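Here the structure is a predicted model, which means the values were calculated and not measured.
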Amino acid sequence: MNPKHKKEYAPLGGISDLLPQEDKTATRIENWTVDPSTGGWDNRIGYEKFFPASAAWEPFHVMGRIESLYIWNTHNGARSYHLFEAANAATGLGSLHYTVGNTGIAPVTTAGAGLVTIDFSRNLPTANEPMTQYEPFGRYLVIVNGHDLPMKFDGENVTPLGWVETPYPPTPWTPTTGAGAAGEQNFALWWDQTAPFDLESYGLGDIADSAVNRYKWKVSFISESGSESPLSFESEATSWTTLPAAGGGAAQNFSNRRQAVYLEGLPIGPNGTVARRIYRTRNIGPAATAEQYYYVSQINNNTETSYVDYTPDQFLADLAPLADESVLFPAPACRFAATFKNTLFLDGGQIEPTRIYYSNGLHPDSFSALSYFDVGTREGGDITGFAPYYNQLLVFRERAIEIIRGDTSGGFSVAPFIQGVGTKSIGTVTMVPSVGMVFLSADGVYRLQGGLDDGGSEIVFEKISKMLVKTMTRLNPDLLARATAAYSPKSKEWHCYVPADGGDRPTLGLVFHVDKNSWSIREGFPVGALAVDQGGNLIFGHSIGSGYGISPREAGLFVISRQRSLGYTYNGVSDPPTAIPKAPPTSVYQSAWIDYGAPQKKKHVKYVYLYVMTAGDNAIPMTYYTDFNYIGKTSAPVKIQRADHADQNVYGKATWDSSVWENPMFTCLRYPIAQGACSSFSFEVSTTEDLVLIGYSVELAATNTSTIKGKR
């Protein structure tokens, strides 16, 4: 045959919704991954239970939709927490858990072995609200969702984020200066003249005859993160007059003495408080002078309620923090968090959707009064999330991206970066090696590549989903906040699952294959929330789960893997009940519409040759279409064996101790095409059998017949 009438398509590219389509692209690639040994499309994928040792999907029996998921690696990866929120159909609330060990069977009525519950009563986001955000900060994991009070998790305990209350001041006892009669409080300091040091320098007050002494105190809390709370209001003043020198007798022991002041009612801090600090004025005497507070001491517990202050004025050197250096937590309804330059950044929540607050350096619980920005003066919509990028912090908005620069020493500043493109899908913002920062926007997937430092490398900002025009129209624009994505270095794929086709939860998977620089889609994977573990495995939370009072069904966490099963059915007859793997996912490959660059000319397609790796006696049919028709013809199935050689041994049919197991071999499968003349041609392979598709070629006979003139 004339070579110009046969054209090969290998290696294969990804999906293209554009017309005319480029060579080697495809109209549809559904449920495939890349075969690393050939660079072809491999359909050996599926998903399996997170706890493979369990009989069904313990301990997730009664859990509904998984609302959020985060994998937190600590101790240099020696310990991993798989944190997730699950809906409870009985209460309408959510619960926050993390997994432990590799459990087997747990009680079917509750979350048992294999899980630790952190919070039982969390408010769940609506369908158009973002998932709970998890942000590491030092040894803590900050957890925010816009509804519940933000908190910090240290691997064992949960404590509130920020200070939500101001300490109340202590009550100082007023000293008396008499001879210590019944009912008097006198901590006059006196000393033995033979003592090796002079105690006269200790204590409060002036030792001059009839000196008037007056003091006030304040208190603050210290959290386990080292953050200091706002200072309390000042205490009531305590005052006394120094007893003048006496002529002798017992009163002489109390003359011209300094006092120690007893403080009662020291405030007890909230959960997570590890210490209290005491501040005091120097002697302000009878005059109404300005009150300056100084550090006195730190009580390293959260239990004691009294303290005796005998630190003299001359020992007070460190000024107390100013009132605006630590204020009550300014963002109790924050939805997004980010750690940048040892500082915690938060949004203002739905009440202040364009406000950004940031903590004091190294102290995630302390916020200064003026440490905030407001980007609402520029077009771009509400803040939708944060993402550190090199030496900057990106602030995503609905239709813009801002950039924060600076540090704790020189201060932070915010400036516009990109206008017209933003994201509602903060759960899709991902760093992908050799690609850049990838995220889903309202009209497609974008990437940002290159450093942003002054004089740095060239910035690349572009849409990488230009080929997915029709696919993007399937997305539900109002629900993009619930989209979820992660990059797997193991498979070198970026997975993004989005609500589509009218669904209220992620139903469509967009997969970017880094090695091919191309796209495919996933169907049938019930991904509600997605994360990647330290080994590069994609872990997801079920988007539906098991309802309250309903027979157990798929629920909890699962792993996208090479297991040839699209989930499980539930056998409620056996005891204990077991999960039975379903059939593999249906994988569909539809070629591009082939017109050989001359759509006006008619062609007679004779054969299609598929280049594949052998896979035994599995039979693969082919359906072919002409001129963009939706209905095609289906050819007879062809075994994935070499046509001109003896069949390879097949599992289940080989003879024990005599057959030799053989590796897959490259082969060509020929499909005859029985159809008339056409302008454009496309074929489709749809199968649940194992298949590695490397390429294909099309053999045809061209004619001089042209398309008839247009209709009138």
- Message: Under the criterion side chain to side chain contact (heavy atoms under 4.5 Å, CB included), I'd like the reasoning laid out for Leu480 against Thr428: C-alpha separation, chi angles, the key distance, then a yes or no.
- Response: CA-CA 10 Å; Leu480 292 183; Thr428 67; over 6 Å; no
- Return the orientation label for the Tyr47 and Phe525 ring planes: parallel under 30°, perpendicular over 60°, tilted otherwise. tilted
- Query: Between Phe50 and His82, is the ring centre distance below 6.0 Å?
  - Reply: yes
- Message: Can you confirm whether Ser441 sits close enough to Phe439 that some side-chain heavy atom of one is under 4.5 Å from a side-chain heavy atom of the other?
- Response: yes
- Query: Step by step, would you call Thr626 with Gln675 a side-chain hydrogen bond (donor to acceptor under 3.5 Å, both in side chains)?
  - Reply: CA-CA 9 Å; Thr626 59; Gln675 51 96 53; 4.7 Å; no
- Task: Determine whether Phe681 and Ile673 make a side-chain contact, defined as any pair of heavy atoms from C-beta on separated by less than 4.5 Å.
- Result: yes
- What about the rings of Phe683 and Tyr671, do their centers lie closer together than 6.0 Å? no
- Lys516 (side chain) donor-acceptor with Leu12 (main chain) under 3.5 angstrom: yes
- Message: Taking Trp41's backbone N and O only, do any of them form a donor-acceptor pair with Tyr589's side chain (distance below 3.5 Å, no angle check)?
- Response: no
- Message: Which heavy atom of Lys424 sits nearest to which heavy atom of Pro477, and what is that distance?
- Response: NZ-O, 4.3 Å
- Short question: side chain of Asn31, backbone of Glu523 - any donor-acceptor pair under 3.5 Å? yes
- Task: Spell out, as yes or no, whether a donor-acceptor pair under 3.5 Å connects the side chain of Asp35 to the backbone of Thr38.
- Result: yes
- Verify whether one side chain among Glu85 and Thr132 offers a donor that lies under 3.5 Å from an acceptor in the other. yes
- Item | Non-hydrogen side-chain atoms of Val527 and His495 separated by less than 4.5 Å | no
- Query: For the side chain of Ser488 and the backbone of Lys490, is there at least one donor-acceptor N/O pair under 3.5 Å apart?
  - Reply: yes
- Query: Do other residues, nucleotides or ligands put more than 12 heavy atoms under 6.0 Å from Lys49 NZ?
  - Reply: yes
- Query: Ignoring hydrogens and geometry, is there a side-chain-to-backbone donor-acceptor pair from Gln641 to Gln648 under 3.5 Å?
  - Reply: yes
- The reported gap from NE2 in His542 to CG in Leu557 (rounded to nearest 0.5 angstrom) is 11.0 Å
- From Thr614 OG1 over to Ile640 CD1, what is the distance, rounded to the nearest 0.5 angstrom? 8.5 Å
- Task: Find the distance between OG (Ser520) and CZ (Arg28) and round it off to the nearest 0.5 Å.
- Result: 12.0 Å
- Note on the structure: In this structure, CZ of Arg553 is separated from OG of Ser546 (nearest 0.5 Å) by 5.5 Å
- Item | Close side-chain approach of Val698 and Tyr696, heavy atoms under 4.5 Å | yes
- Pair Glu493 + Arg522, salt bridge at N-O below 4.0 Å: yes
- Message: Restricting to non-hydrogen atoms, name the atom on Trp593 and the atom on Asn629 that form the minimum distance, rounded to 0.1 Å.
- Response: CH2-N, 4.0 Å
- Message: Please check this pair: side chain of Thr384 against backbone of Thr423, looking for a donor-acceptor N/O pair closer than 3.5 Å.
- Response: yes
- Item | Minimum heavy-atom distance between Lys603 and Ser679, given as atom pair plus value | NZ-O, 2.9 Å
- Note on the structure: So OG of Ser682 and CG of Asp627: to nearest 0.5 Å the spacing works out to 11.0 Å
- Report yes or no: do Tyr134 and Ser68 form a side-chain donor-acceptor pair below 3.5 Å? yes
- Between Thr33 and Asp42, a side-chain donor and acceptor under 3.5 Å: no
- Are Val435 and Gln449 close enough that some pair of their side-chain heavy atoms sits under 4.5 Å apart? no
- Step-by-step side chain to side chain contact (heavy atoms under 4.5 Å, CB included) determination, Lys463 to Val421: CA-CA 10 Å; Lys463 183 188 288 188; Val421 176; over 6 Å; no
- Check: His513 ring centroid to Trp32 ring centroid under 6.0 Å: no
- Message: One pair to check against side chain to side chain contact (heavy atoms under 4.5 Å, CB included): Leu448 and Ile459. What are the steps and the verdict?
- Response: CA-CA 7 Å; Leu448 173 64; Ile459 302 300; 3.8 Å; yes
- Validation row: Met472, Ser465 side chains within 4.5 angstrom (heavy atoms): yes
- Between the CG atom in Leu508 and the CG atom in Asp501, the distance rounded to the nearest 0.5 Å is 6.5 Å
- Task: Would you confirm whether Lys602, through its side chain, and Ser706, through its main-chain N or O, come within 3.5 Å as a donor-acceptor pair?
- Result: no
- Relative to each other, are the rings of Trp494 and Trp519 parallel, tilted or perpendicular (30° and 60° limits)? perpendicular
- Write down the atom of Pro621, the atom of Ser635, and the distance for their closest heavy-atom approach. CB-O, 4.0 Å
- Task: Answer yes or no: is there a donor N or O on one side and an acceptor on the other, between the side chain of Arg564 and the main chain of Thr688, under 3.5 Å?
- Result: yes
- Message: Below 30° counts as parallel, above 60° as perpendicular, anything between as tilted: where do the rings of Phe84 and Phe60 land?
- Response: perpendicular
- Nearest heavy-atom approach of Ala619 to Glu689 is O-CG, 4.3 Å
- Query: Does Asn43 use its side chain to pair, donor to acceptor, with the backbone of Leu691 at less than 3.5 Å?
  - Reply: yes
- Query: Would a 4.5 Å heavy-atom cut-off, applied to side chains only, mark Leu440 and Leu475 as touching?
  - Reply: yes
- Query: Are any non-hydrogen side-chain atoms of Glu8 and Tyr609 less than 4.5 angstrom apart?
  - Reply: no
- Message: Heavy-atom count check: over 12 atoms from other residues, nucleotides or ligands less than 6.0 Å from Glu462 CD?
- Response: yes
- Message: Quick test of your reading of the model: are Arg482 and Glu67 salt-bridged, counting only N-O distances below 4.0 Å?
- Response: yes
- Task: Dump the intermediate steps for side chain to side chain contact (heavy atoms under 4.5 Å, CB included) on Lys639 and Asp617, then the final yes or no.
- Result: CA-CA 5 Å; Lys639 289 197 305 183; Asp617 290 342; 3.6 Å; yes
- Task: Over all heavy atoms of both residues, which pair between Tyr487 and Pro433 is shortest? Give the atoms and the distance, please.
- Result: CE2-CD, 3.3 Å
- Message: Below 30° counts as parallel, above 60° as perpendicular, anything between as tilted: where do the rings of Tyr611 and Phe666 land?
- Response: tilted
